[in-house]
Amino acid sequence: MNKGITLLQQTTVLGFWIFAVTLTPAWAADDPQLAGLIDNPQALLEETDRRHNPFEDQVLRVKMVLHGGSNDGREIEFTTYTKGVNKRAVRMHNPPDIRGMGVVIKGNDEIYVRLPDSKKVRRVAAHAKKQSFMGTDYNFDDMAMIRLAPLYTAKIAKKDDNHIWLELALREGVDLQYEKLVIRIDRSRILYDEVLFFVGGAQVKRQSRSKPKQMPAGHTLYSHLMMTTLSSGHGTETHVVYEKINVGVKDKTFSRRWLSKDE
Amino acid sequence: MRATTITRVTLFAMLITPLFMGFAWAGDGFSLRGYIEADTRFSVPGKDEPEGIDPFRFIRSDTTGRITAMFHRGDLNAYADLAVVFTGFPQAATLEDLLLREAIDPYRFESDALYVELEDWLFDGFDLRAGRQILHWGTADMFNPTNVVNAYDFEDPLKFGEAIATEMLVLSFTAPWTFYSDDWDLTLFDEFNLTLVAVPIFRPGLLPSTALVGFSDPDLFGQLVDSPTLDSLASLQKPFVEGGGTLLYDTRVITPDFGADNMQLGARMRWTLLGMDMSLSYYRGFDDTPRAEKVVVSDLPIPIEEDDLNDLEKLEASIRALNLSKVVATTDVLLTYPRVQVVGADISTSLDFLGGVGLWGEVAFTFHDDLYRYVSIDQAKILEVEADAGMFWKLTAGMDYSLTSWWYANVQYIHGFVDEFGSDKVHDYIVAGSDIKLFGEQMTIRAFTIVQLQDQSFVLYPQLIFKFWPGGELTAGAFLFQGAGDSKFGSRITGPSTVFMKGRYSF
């Protein structure tokens, strides 16, 4: 009898434990480094930048799928090369009518583009930065924002057990259309999984990041992004096809010389 | 027997397989793209045209297949571009022609690139590119006075002179020099590049099909001529034709020979300074539009001396008094290409304090020798100076702005159109237009106009561009000329107003 009651007790305890683990909302532990950053929002922002860009250089192949509107279902594929704090180059692969098109970004004020049928490399004037990139919910400003800390000053907006929200104000002298961002940092990873974009005081876009993947190099990468324009409900879904880091991307990639070459 | 055949096929496959092992069809070593395009145009009334010609007629029915291949192997690249254009209009005029496929179904080949490139040859940043290629200079939109290395193709008026690929050797050095401000916020100097180019063999420009129209009518011939002597000739042609005479033109073209002293050379230095892209360029070679160096008129019904050309009324009266029904007068025209040196400069930037307005300017100074012309009208022999040795300039300056994320506007001032040569022959133009993008950029409403300020003739160029299909594009539009019959855009020489439709599939 005692043995049976003991077994019942054990089973009950085990059952409650299983219940607690599976049905209670997950509460991942804070990243160990968070404690030292939580009172310094700017340092926290710099750490998220470092973790989102844990490389000297990066090659990223992505596929975008557009949702909503008349270009619903359109797919765009390109490779992005990133180096340092402000260098990015993009080469389009699909759809075929834009294959070979290239963009080079050297900071938010120096953007060059080459269209596929043109032999001419053209500087993108500042006014064109707000134009949509190939019908997506991204524009040239979005593509130039590699690290946020050099562009914005941060303050903590709110916290909960899983996230910290930072409100970012555009630094003086920086030419970007978003005077404010709100980013949501996952406390267990010190990576932001949501970004809200504000223009003229009103939120205009929202980007959410999901499906974190542990990469071979040891860092975590969100392999799925969704950028939504609030006014239209149009969305751009981004899937990471592959990533390579520290492969020795040459500086010459981020130049008009690279753009002028057919690829 | 069957086993032998199988053996032979197997051996053949084994032999040819290694040929394909060097490249994959897609991947780092090789990439391919291309398109198939149909371009149909027909003329519409509204412009001065010869009598008896149908104002509504098809004037173009091109079908183009283009493929561009790029090969990469380390620092060695190779590019090949080839297009076949079926022109759609049979050229069969005789029974023998009906036996020729190319007369029934004419076509031509075009190639914009066929070259090999060595990157970082000898040292970092030093590239060598040899072969058939197009080198584009200048920052202005479409109208680039400094873009003189490649000859112009004026065959398609909608393209305002696209470049023809030419065989050349290009050496290019891009320096790894980047200077930032103290706080690393601003790039002070960047992207320095020096390009040297040598073009061994001169290639003339391709003239439009309407270039010969000027020789079909004395009034139109008068629009082509540019000197007092030729004006006199043109004024005598009208009474001659009205009196029943027949004018024949025999044009010969002499291109620069292949001697080393006729090699064309060019150099361009380019850099970015304080957010402004700048360049300086130099070209030594030939203008790619021919000019009449010799005009000989023979078989005239009356003798003409040089002094007679001072009293044209008397000459015209003499001609009108004759019965010219069986008289044929021949005009031999020798066309050559003037030697030029072109010094150019351009700048482009955007003005942040004006909402990021894009701004650019491009100027070219063309230096030429004395341009002589020998004109012989019967006994009158005149050596005239078409232009003294000197210089003329061309300029394109413009600005653009995105009024909204879907509305773009562009305006340019042009001094000297692509086909104008000589200080007293360049005119002034305004080019203005706008793009409105709708439905997620799948539809573009585009409208551009070009106005010549001196004669107020203009072109209207509206287009609707649809990209609702992956890889597909449909364009419908019009190219409408307006102006007096002797104006730049109103003259018959520029061809009829047209409506067009193009369909393209890219792969």
Side-chain angles (χ1 to χ4, degrees), chain A residues 66 68-75 85-86 91 93-100 104 106-107 109-112 116-137 139 150 171 173-175 177 232 234 250-252 254-258 260-263, chain B residues 31 33-35 68 70 72 77 79 81 112-113 117 119-120 124-125 127 134-136 138-139 163 172 174 176 185-187 190-191 193 270 272 275 277 348-352 355-359 400-402 405-406 408 437-443 467-468 470-473 504-507:
Chain A
L66 307 187
S70 53
N71 57 13
D72 182 56
R74 179 172 157 97
E75 294 186 1
V85 299
N86 62 357
R91 188 73 77 180
H93 304 301
N94 281 302
D97 55 312
I98 59 170
R99 183 173 299 156
V104 161
K106 299 198 290 183
D109 284 334
E110 227 180 318
I111 303 174
Y112 297 92
D117 286 341
S118 169
K119 302 286 179 286
K120 186 175 164 183
V121 172
R122 195 166 178 214
R123 186 187 188 101
V124 176
H127 69 84
K129 293 197 296 174
K130 58 184 164 233
Q131 287 192 357
S132 152
F133 180 68
M134 309 309 305
T136 68
D137 297 275
N139 54 42
R171 290 179 185 266
V174 175
D175 179 24
Q177 59 185 283
S232 60
H234 189 274
K250 294 185 181 176
D251 284 344
K252 69 179 182 180
F254 311 96
S255 66
R256 282 186 276 178
R257 176 182 174 224
W258 178 83
S260 67
K261 297 186 189 305
D262 275 313
E263 280 192 27
Chain B
S31 58
R33 64 169 189 262
Y35 64 81
T68 305
M70 292 136 283
H72 308 284
N77 307 314
Y79 300 86
D81 173 86
D112 284 350
E117 179 181 53
E119 283 186 44
D120 298 325
D124 279 352
D127 299 337
I134 292 172
L135 201 63
H136 187 98
T139 54
S172 173
T174 303
D185 258 2
L186 177 67
T187 305
D190 195 9
E191 293 266 20
N193 171 271
R270 186 196 69 204
T272 299
D277 298 328
S348 69
T349 186
S350 60
L351 303 178
D352 291 341
V357 163
L359 200 65
D400 66 356
Y401 188 65
S402 297
S405 60
W406 45 267
Y408 165 82
K437 294 184 180 178
L438 305 171
F439 305 112
E441 297 190 11
Q442 293 187 104
M443 177 177 166
K467 292 186 178 181
F468 288 98
E473 182 177 318
R504 178 186 280 205
Y505 176 73
S506 300
F507 55 87

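Scope of the values below: all heavy atoms of this structure, side chains included, with no hydrogens, waters or symmetry mates. Note that the structure is a prediction, hence the values are computed from the model and not measured. Order of the sequence lines fixes the chain letters, A, B, ..., with proteins taken first and strands second; residue numbering starts at 1 for each chain.
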Check whether the side chains of B/Thr139 and A/Arg122 place a donor and an acceptor atom closer than 3.5 Å, and report yes or no. no

Taken in chain and number order and not counting sequence neighbours, the residues that satisfy side-chain hydrogen bond (donor to acceptor under 3.5 Å, both in side chains) with B/Ser172 are B/Asn193

Exercise for review: Could you please spell out the steps behind the side-chain contact (heavy atoms from CB on, under 4.5 Å) verdict for A/Lys261 and B/Glu117?
Suggested key: CA-CA 10 Å; A/Lys261 297 186 189 305; B/Glu117 179 181 53; 2.7 Å; yes

Does any part of the side chain of A/Arg99, heavy atoms only, come nearer than 4.5 Å to the side chain of B/Ser506, both counted from C-beta? no

Okay, A/Phe254 and chain B: the region with an atom under 4.5 Å from a heavy atom over there is backbone

Practice item. Indicate yes or no: at least one non-hydrogen side-chain atom of A/Lys252 is less than 4.5 angstrom from one of B/Asp120. Key: yes

Honestly, the part of B/Asp190 sitting under 4.5 Å from a heavy atom of chain A is side chain

Ranking B/Gly471, B/Ser348, B/Gly125 by heavy-atom pairs under 4.5 Å to chain A gives rank one to B/Gly125

request  = Using a strict cut-off of less than 4.0 Å between a Lys/Arg side-chain nitrogen and an Asp/Glu carboxylate oxygen, indicate whether A/Arg256 and B/Asp277 qualify as a salt bridge.
outcome  = yes

Worksheet item: Going by heavy atoms in the side chains, are B/Arg33 and A/Pro96 under 4.5 Å from each other?
Response: no

Going by atom types alone, do B/Gln442 and A/Ser70 pair a side-chain donor with an acceptor below 3.5 Å? yes

Check: A/Ala126 main-chain N/O paired with B/Ser350 side-chain donor or acceptor under 3.5 Å: yes

When rounded to the nearest 0.5 Å, the distance separating CH2 of A/Trp258 from CD of B/Glu119 is 11.5 Å

Between A/Asp97 and B/Tyr505, a side-chain donor and acceptor under 3.5 Å: no

Rounding to 0.5 Å, atoms NZ (B/Lys437) and CD (A/Gln131) come to a distance of 5.0 Å

- Query: Which is it for B/Thr272 and A/Glu110 under the side-chain contact (heavy atoms from CB on, under 4.5 Å) test, yes or no, and what are the steps along the way?
  - Reply: CA-CA 10 Å; B/Thr272 299; A/Glu110 227 180 318; 4.1 Å; yes

Sequence neighbours excluded, the answer for ring pair (Phe, Tyr, Trp, His ring centres under 6.0 Å) partners of A/His127 is B/Tyr401

